[in-house]
J.: 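Quick one: the structure is below, questions incoming.
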Amino acid sequence: MRIRKAHLTAAAGALALVTGLTAPAHASAPAAAPVHAVQQDAPSVYGSAAYLMDASSGKELFSKNAADRLPIASVTKMMTAYVVLKTAKPTDVVQVKREDVQYAEDGGGTTADLRPGDRLTVGELMYGLMLPSGADAAHALARTYGPGVGGFVAKMNATARELGMNDTEYVNADGLPKRGGDGYSTARDQSMLAAKAVQVPLIKEVAGTRYHSLDATSEHRSYGWRNTNKLLGTPGAIGLKTGFTRAAGFTLAFAGEKRGHTLVGVLLGESDSGRRFDTAEALLSWGAARESA
């Protein structure tokens, strides 16, 4: 095959001149694959990888380096929420421990400002996990429902395999960098998870909430959590999960209901925080128009 390489390249060039078709610069699949043909009028995507799909049918709508294994930062917490709610009831109570708070502080992660000794329901901790992206909330939930963080991470990876996420490996419940190696996933794998996550009523409700507060009780102090997802407020947007680390860049799992379709997608490796939300909004509108055509 190698001795025919020059002839094949020349033939391919001639065919491109005749048909007017060229392969996208980011395509890693063979030129004959039709997956990119539907993307000619798609919005510009500047991140390292992206994927958009119809959550109902599983139909792929957009793909850019969607099989590349990359760090995903706090998008990890989408799996944390999903695994917890497979077994826990929203009314179950979790007691926050000093180690949960210390973990977030030592790791330099964002927190829900949980206080050791506070007792919060799983339902309330979901808001602390997803809105401010609390690493302390993630640790408390993983510790409780592993049991132990190590056991919980094993459940996360087992769930990934069950969902067909074969290019995903979790190393913790929060997405913080870890000595010895970060976890990884792909835009396609995380979109598959997003399609399942939006089917869980509590995850959908929490992800779409812009601000959530708790009054002080005998069980816990008062809390107020604001969602980091600036996509919220866009008509039809559900939200899902934001993320950032130096290694991962800005990441985003997003979802929206438009024109009777529920679309989900993931952006990885974006260098501009605000642009990821603009890109997600553009992809949702573009994808909904295609599905409704």
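Side-chain atoms are counted along with the backbone in the values below, which use heavy atoms only and exclude waters and symmetry mates.
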J.: Do Arg259 and Glu291 make a side-chain contact, defined as non-hydrogen atoms from C-beta onward lying under 4.5 Å apart?
T.: no

J.: Would the distance check show the side chain of Arg161 and the main-chain N or O of Ala158 forming a donor-acceptor pair, the cut-off being under 3.5 Å?
T.: no

J.: Would you call Leu284 and Leu231 a side-chain contact if the rule is heavy atoms closer than 4.5 Å?
T.: yes

J.: Quick one: pull up CZ in Phe244 and CG in Leu252 and give me the separation to the nearest 0.5 Å.
T.: 14.0 Å

J.: Would you compute the distance between atom CE of Met53 and atom NE2 of His261 and round it to the nearest 0.5 angstrom?
T.: 13.5 Å

J.: For Ala55, is there any backbone N or O sitting under 3.5 Å from a side-chain donor or acceptor partner on Thr262?
T.: no

J.: Measuring from atom OG1 of Thr279 to atom CD of Glu270, what distance do you get when rounded to the nearest 0.5 angstrom?
T.: 5.5 Å

J.: Can you measure from CD (Glu169) to CZ (Arg69) and round to the nearest 0.5 angstrom?
T.: 8.5 Å

J.: Do Gln199 and Tyr82 have side-chain atoms, one donor and one acceptor, less than 3.5 Å apart?
T.: no

J.: Identify the residue among Leu52, Leu283, Val264 that makes a side chain to side chain contact (heavy atoms under 4.5 Å, CB included) with Leu61.
T.: Leu52

J.: Would you check if the side chain of Asn65 reaches a backbone N or O of Ser48 as a donor-acceptor pair within less than 3.5 Å?
T.: yes

J.: Would a 4.5 Å heavy-atom cut-off, applied to side chains only, mark Val94 and Tyr145 as touching?
T.: yes

J.: Is there side-chain contact between Tyr211 and Leu131, with heavy atoms separated by less than 4.5 Å?
T.: no

J.: Determine yes or no for a side-chain-to-main-chain donor-acceptor pair under 3.5 angstrom, with Lys178 supplying the side chain and Val171 the backbone.
T.: yes

J.: Do His139 and Asp100 pair up side chain to side chain, a donor and an acceptor below 3.5 Å, judged on atom types alone?
T.: yes

J.: Less than 3.5 Å apart, any donor N or O on the side chain of Asp189 or Thr168 sitting next to an acceptor on the other?
T.: yes

J.: Crowded around Lys258 NZ? As in, over 12 foreign heavy atoms under 6.0 Å?
T.: yes

J.: Tell me if a side-chain donor or acceptor on Asp92 pairs with a main-chain N or O of Lys89 at a distance below 3.5 Å.
T.: yes

J.: Are Phe277 and Thr234 packed together at the side-chain level, in the sense that at least one heavy-atom pair is separated by less than 4.5 angstrom?
T.: no

J.: Any side-chain heavy atom of Val206 sitting closer than 4.5 Å to one from His212?
T.: no

J.: Would the distance check show the side chain of Lys77 and the main-chain N or O of Asp174 forming a donor-acceptor pair, the cut-off being under 3.5 Å?
T.: yes

J.: For Ala135 and Tyr103, work out which heavy atoms get closest and say how close.
T.: O-CD2, 4.1 Å

J.: In this structure, would Leu70 and Val266 fall into the same cluster of hydrophobic residues linked by side-chain contacts under 4.5 Å?
T.: yes

J.: Students often mix this up, so state it plainly: with edges at 30° and 60°, are the rings of Trp286 and Phe62 parallel, tilted or perpendicular?
T.: perpendicular

J.: Measuring only between side-chain heavy atoms, which start at C-beta, is Asp136 closer than 4.5 Å to Val96?
T.: no

J.: Kindly give the heavy-atom pair with the smallest separation between Tyr170 and Ala160, and that separation in Å.
T.: CE1-CB, 4.3 Å

J.: Is Lys230 atom NZ crowded by more than 12 heavy atoms from other residues, nucleotides or ligands, each under 6.0 Å away?
T.: no

J.: Provide the closest heavy-atom pair for Ser133 versus Thr110 in the form atom of the first, atom of the second, distance.
T.: O-OG1, 2.6 Å

J.: Please say yes or no: joined through hydrophobic side-chain contacts below 4.5 Å, possibly via intermediate residues, are Ile203 and Leu141 part of one cluster?
T.: yes

J.: Is there a path from Leu193 to Ile238 through hydrophobic residues (I, L, V, M, F, W, Y) whose side chains come within less than 4.5 Å of each other?
T.: no

J.: Check the pair Glu60 / Arg188 against salt bridge (Lys or Arg N to Asp or Glu O under 4.0 Å), numbers first and verdict last.
T.: CA-CA 9 Å; Glu60 174 185 302; Arg188 179 181 288 115; 3.8 Å; yes

J.: Does the side-chain contact (heavy atoms from CB on, under 4.5 Å) test come out yes or no for Glu257 and Lys204, once each step is laid out?
T.: CA-CA 11 Å; Glu257 295 173 333; Lys204 183 178 179 180; 2.7 Å; yes

J.: Please tell me if the side chains of Ile72 and Leu268 come closer than 4.5 Å, counting only heavy atoms from C-beta onward.
T.: yes

J.: Does atom CZ of Arg221 have more than 12 heavy-atom neighbours from other groups under 6.0 Å away?
T.: yes

J.: If every non-hydrogen atom of Arg115 is compared with every non-hydrogen atom of Tyr223, which pair is closest and at what distance?
T.: N-OH, 3.1 Å

J.: Please report the closest heavy-atom contact between Leu240 and Ala194, naming both atoms and the distance.
T.: CD1-CB, 3.6 Å

J.: Looking only at non-hydrogen atoms, find the nearest pair between Pro132 and Trp225 and report the distance.
T.: CG-CD1, 3.6 Å

J.: Are Leu163 and Tyr184 co-members of a hydrophobic cluster defined by side-chain heavy atoms under 4.5 Å apart?
T.: no

J.: Is it the case that the side chain of Asn227 and the backbone of Thr209 share a donor-acceptor pair, with hydrogens and angles ignored and the cut-off at 3.5 Å?
T.: yes

J.: State, without any angle test, whether Lys241 and Thr251 hold a side-chain donor-acceptor pair at a distance under 3.5 Å.
T.: no

